[in-house]
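Reckoned from all heavy atoms, side chains included, excluding hydrogens, waters and symmetry mates. Here is how names work: the chains are called A, B, and so on, in the same order as the sequence lines, proteins then strands, and each is numbered from 1.
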Amino acid sequence: MGYPYKDIERKWQEYWESKKTFRTPEADTSKEKFYVLDMFPYPSGAGLHVGHPEGYTATDIIARYKRMLGVNVLHPMGWDAYGLPAEQYAIETGTHPRITTENNIKRFRDQLKALGFSYDWDRQVDTTDPDYYKWTQWIFLQLYKKGLAYIAEVPVNWCPALGTVLANEEVIDGVSERGGHPVYRRPMKQWMLKITAYADRLLTALDDLDWPESTKEMQRNWIGRSEGAEVDFPLPNSDDKIRVFTTRPDTLFGATYMVLAPEHSLVESITSDAKRAEVEAYIKAAARKSDLERTELQKTKTGVFTGGYAINPVNGEQIPVWIADYVLATYGTGAIMAVPGHDERDYEFAKKFDLPIQEVIAGGDISEAAYVSKDGILVNSANDNFSINGLKATEAISKIIDWLEAEGIGQRQINYKLRDWLFSRQRYWGEPFPILHGEDGEILPVDEAELPLSLPEMEDYKPTPIDDDEKDPQPPLSRGQDSWKYVTINGKKYTREFNTMPQWAGSCWYYLRYVDPHNDDQIFDPAAEKYWMNVDLYVGGAEHSVLHLLYARFWHKVLYDIGIVSTDEPFKKLIHQGMILGEMEFTLYSDANGNPVSLETVEKASDYTARKLSESDVEKKGDGFVWKENPAIRVDGKAHKMSKSRGNVINPDDIVESYGADSLRLYEMFMGPLEQQKSWSMKGVDGVNRFLNRAWRLMADEYSGKLLDQVDDSAATPEQLRQLHLTIKKVTEDIENMRFNTAIAQMMVFVNEANKWTQRPRSVMEKFILLLSPFAPHLCEELWQMLGNENTLAYEGWPVFDEKYLVEDSKEVVIQINGKVRYKLQLPADLSREDTEKQAMAADRVQELIAGKNVIKVIVVPNKLVNIVAR
RNA sequence: GCCAGAGUGGUGGAAUUGGCAGACACGCCGGACUCAAAAUCCGGUUCGGGUGAUACCGAGUGUGGGUUCGAGUCCCACCUCUGGUACCA
């Protein structure tokens with residue numbers, strides 16, 4: 001039933017492919033360009049998910065629209081193909097990850113082609129292709145040469161289950177982002193990238209980006225700039241000092257004790273003999289905790305006294321030094337001055353261990369809780385030659401820093417939460433580092449001419465299980481063939497680096513390779529880069545708000561500094577498509593005896609049995625839903641994330657099969673605003689499919705596909721032109737603003753109107769087809785051809801809106817009395833303010849409504865409304 | 001806790017300079033076509049009054065206040081939800 005979408009879609013996909021309709025035009029500086037980019041997918045074995053076509057359809061509409069405006073469009077697609085699943089599959093089955101990856105890529109590409117996206121497939125990139133990762137390795141060498149890549153023995157996030165270390169950004173709530181395995185801290189020798197050198201630039205450049213505010217804010221928080229001071233606390237009987245970082249040096253007089261991170265280098269020397277056993281036990285226990293345990297146990301503070309003291313430099317008091325794991329070794333100096341009166345964490349710690357609490361800011365009550373404020377006045381903050389008493393915090397901060405600097409015991413300091421990027425992984429399926437290690441510890445970069453450095457062939461891809469805490473685990477590449485592992489240069493023996501790069505490496509710069517993807521001699525032709533960059537529109541999921549988008553910006557800035565790219569930032573405008581949830585589900589809970597219970601009583605769903613209800617079993621009541629059989633019982637109504645275990649996954653292939661690609665595209669755009677989270681509805685797919693059928697039947701016979709007699713060369717009526725131009729205006733504006741749902745709504749209005757016409761002028765219908773074509777390209781190409789056009793419509797001029805067709809002789813003017821609509825009047829268009837008021841007041845109905853009242857005021861908005869204020 | 005965003009019919013959502021709340025679609029109800037069903041077409045559909053049917057009246061955009069001739073839209077306070085983040089000194 002319905003229009004023959006299957007034949008049409010196959011036909012046009014073959015046409016576009018064989019004619020290379022969407023080949024990217026050559027860089028031509030005399031022509032405007034538009035670079036519209038999707039976040040390239042990881043080609044997983046599960047195939048395409050309905051979330052993918054959401055963003056891809058949006059960018060495809062923009063790309064097709066821009067082409068019709070005569071703009072040169074770059075609209076590419078590729079594969080972020082390194083990653084754990086292919087490797088894990090290889091470990092289980094022995095299939096080489098390259099094979100798995102190739103198969104998955106083929107499947108993904110077929111699925112994307114079946115959706116009619118206008119990608120230039122000749123420009124596809126694949127991060128696992130040696131022709132591509134050659135240049136990923138090349139960029140790494142540039143980073144190394146700039147001193148931005150270094151090896152360091154650092155505390156890392158070690159994930160035993162994955163057999164690899166992870167970047168801070170890949171650890172969420174103490175478990176790995178992929179797989180949710182526990183993560184432990186341990187020191188290891190690893191490659192690091194000095195992203196911290198770019199912290200300030202990464203932060204300030206955010207202000208000028210046309211990005212979602214939430215994403216910019218997340219990056220700001222992640223970079224975490226804070227201004228303050230470093231202050232030295234001398235130790236008695238020693239030349240050592242404990243240096244702390246604080247954002248509140250104004251509270252220095254309130255520092256009554258100090259805390260070091262358990263890993264701090266001074267812990268050993270400061271600890272008294274009497275406390276040594278206790279301190280060592282605490283350090284060991286802290287090291288053993290996973291980040292997850294550390295996070296979970298954060299409610300209660302732990303720590304031990306070292307037996308040592310330090311001297312508060314502003315008042316000479318000896319204060320005790322503790323160690324506690326609430327102080328992080330990786331932030332600031334790994335040590336803090338504790339001001340329990342004015343910091344919640346220090347307050348809690350001081351209460352628990354009965355440490356003194358000193359008030360230095362008046363205005364709060366520190367007998368119950370810390371008073372954390374910058375509004376109070378400083379008290380108890382003076383020594384023999386210095387005082388900040390009576391000042392507000394902001395003034396006191398700068399005054400005391402000046403004093404500290406003059407005395408040589410402290411200075412202004414800016415700190416960032418951002419850490420250097422841990423860049424090596426103990427995995428097989430990743431880019432090998434182009435680095436050689438001499439036996440004497442020499443680090444020798446591989447000559448650029450020898451790139452790409454390919455992965456060695458191996459049979460066993462398993463990560464090495466950690467055998468003891470002392471030795472660093474050896475990555476899989478250490479088990480490669482000797483011919484790969486060992487290199488002799490000028491008689492000197494070298495061993496290759498056995499770590500591989502993280503998955504983020506390839507995605508840090510793929511958007512640059514698209515401008516010139518087959519260049520063997522250089523990373524890309526600078527002229528092509530200059531023409532196509534920046535990316536004008538970048539669409540992808542919000543889950544990449546920090547990781548990918550921060551790393552890519554970092555690499556881009558480095559490439560800019562060494563003159564490889566011409567812009568400081570890669571992505572001018574960024575949009576996140578909202579997640580698509582499964583269909584709305586209603587759940588009724590029953591207790592152990594099988595009696596249905598109301599939602600309020602269900603605390604842990606596991607104690608109750610859940611039963612799915614259909615929409616017809618429930619009824620809306622108040623904020624929620626109740627069970628129709630017993631309206632006293634509230635049921636849970638919610639849309640959930642699509643997941644295999646929940647069984648609510650929608651496969652795009654099935655939708656294409658039973659409704660066609662155009663319906664899927666249109667539905668995903670019609671669901672609601674692109675950025676918003678939405679839940680799937682099969683009924684909604686029916687709706688847009690019905691619309692496409694109606695559009696088809698305006699022009700073509702449903703079954704034979706022949707052009708209808710009503711479509712002819714007759715002259716368009718003013719009403720037809722009005723409807724058409726209304727639609728041109730609305731659709732054009734909505735595409736520009738990426739409001740696809742309302743653009744589609746307007747086209748539905750047009751189809752409903754046109755359905756009533758007995759004659760449908762070809763000139764009008766052609767324009768409508770062009771408007772619809774970015775959304776439903778297959779259907780429109782077919783109709784376009786049926787109307788007698790020979791070529792693809794992909795490069796036809798976009799219909800131009802003309803105001804003159806919308807001019808009306810008369811306008812409906814709303815008459816309000818005291819702000820309420822009471823009457824409507826048809827008045828000549830562009831009537832003056834005075835005449836509008838005169839006509840409105842003259843109307844019989846208006847006189848009737850204001851009879852017996854005093855007219856106090858009349859507000860007139862010409863062509864629109866008259867509000868009569870009467871008492 | 002903190003940061004960001006959002007609360008509109010039975011449902012998804014419209015209403016971007018304050019000016020007819022509910023476009024468009026789903027669902028539902030009624031009708032046409034049909035032996036029947038599907039598909040399709042036509043009409044109705046915020047809620048509550050009111051009417052034979054219109055007309056008409058009242059209420060209504062999370063809650064409470066405010067500004068205004070006029071508030072979904074602006075201001076203040078609060079509630080709920082979604083996403084992010086969490087000992088960052």
Interatomic distance at C1', B/G9 relative to B/G5, whole Å: 24 Å
A/Phe768: what forms a ring-ring contact (aromatic ring centres under 6.0 Å, His included) with it, not counting sequence neighbours? A/Phe750
Using the P atoms only, state how far B/C57 lies from B/G1, rounded to an integer number of Å. 47 Å
Residues in ring-ring contact (aromatic ring centres under 6.0 Å, His included) with A/Phe349, at least two apart? A/Tyr257, A/Trp322, A/Tyr326, A/Phe353
Encode nucleotides 65-73 of chain B as B, S and - characters from 5' to 3', where the letter depends on protein heavy atoms closer than 4.0 Å: B to the base, S only to sugar-phosphate, - to neither. ----BS---
With sequence neighbours left out, what residues match A/Arg845 under side chain to side chain donor-acceptor pair (under 3.5 Å)? A/Glu848
With A/Asp701, which residues qualify under salt bridge (charged side-chain N to carboxylate O under 4.0 Å, His left out), at least two apart? none
With heavy atoms under 4.0 Å as the rule, sort A/Arg697 into base, sugar-phosphate or nothing. sugar-phosphate
Heavy atoms under 4.0 Å, any strand shown: does A/Glu213 hit a base, just sugar-phosphate, or nothing? nothing
Applying salt bridge (charged side-chain N to carboxylate O under 4.0 Å, His left out), name anything that partners A/Lys683, two or more places apart in sequence or on another chain. none
Pairing annotation in dot-bracket form, given for RNA chain B with Watson-Crick or G-U pairs under 3.5 Å and | for cross-strand partners: (((((((..(((......[....)))((((((.......))))))((((......))))..(((((..]....))))))))))))....
Under 4.0 Å between a side-chain N/O of A/Arg690 and OP1 or OP2 of B/C26, yes or no? yes
Given B/A25, is OP1 or OP2 found less than 4.0 Å from the side-chain N or O atoms of A/Asn752? yes
In whole angstrom, give me the gap between the C1' atoms of B/U82 and B/C28. 30 Å
If you measure from the P atom in B/G7 to the same atom in B/C74, how many Å do you get, rounded? 11 Å
Partner set under side chain to side chain donor-acceptor pair (under 3.5 Å) for A/His576, not counting sequence neighbours: A/Thr215
Base, sugar-phosphate alone, or nothing: which one does A/Asn737 contact when heavy atoms must sit under 4.0 Å apart? nothing
List, with names and distances, any nitrogen or oxygen atoms from the protein found under 3.5 Å away from nitrogen or oxygen atoms belonging to nucleotides 30-33 of chain B.
none

Base versus backbone protein contacts along nucleotides 12-18 of chain B [heavy-atom cut-off under 4.0 Å; B, S, -]: BSS----
Which residues satisfy the salt bridge (charged side-chain N to carboxylate O under 4.0 Å, His left out) test with A/Glu217, sequence neighbours excluded? A/Arg220
Would you say B/G58 has OP1 or OP2 under 4.0 Å from some side-chain N or O of A/Arg822? yes
A/Glu543: which residues meet the salt bridge (charged side-chain N to carboxylate O under 4.0 Å, His left out) condition with it, sequence neighbours left out? none
Salt bridge between A/Glu348 and A/Lys352, side-chain N to carboxylate O under 4.0 Å? no
Separation of the C1' atoms in B/A15 and B/G72, to the nearest angstrom: 9 Å
Interatomic distance at P, B/G10 relative to B/A23, whole Å: 14 Å
Give one of base, sugar-phosphate or nothing for A/Lys820, where a contact means two heavy atoms less than 4.0 Å apart. sugar-phosphate
Classify A/Val821 by what it touches in the nucleic acid, base, sugar-phosphate, or nothing, heavy-atom distance under 4.0 Å. sugar-phosphate
Given the C1' atoms of B/U80 and B/G64, what is the spacing between them in whole Å? 15 Å
Spacing of the C1' atoms in B/U40 and B/U34 (rounded, Å): 12 Å
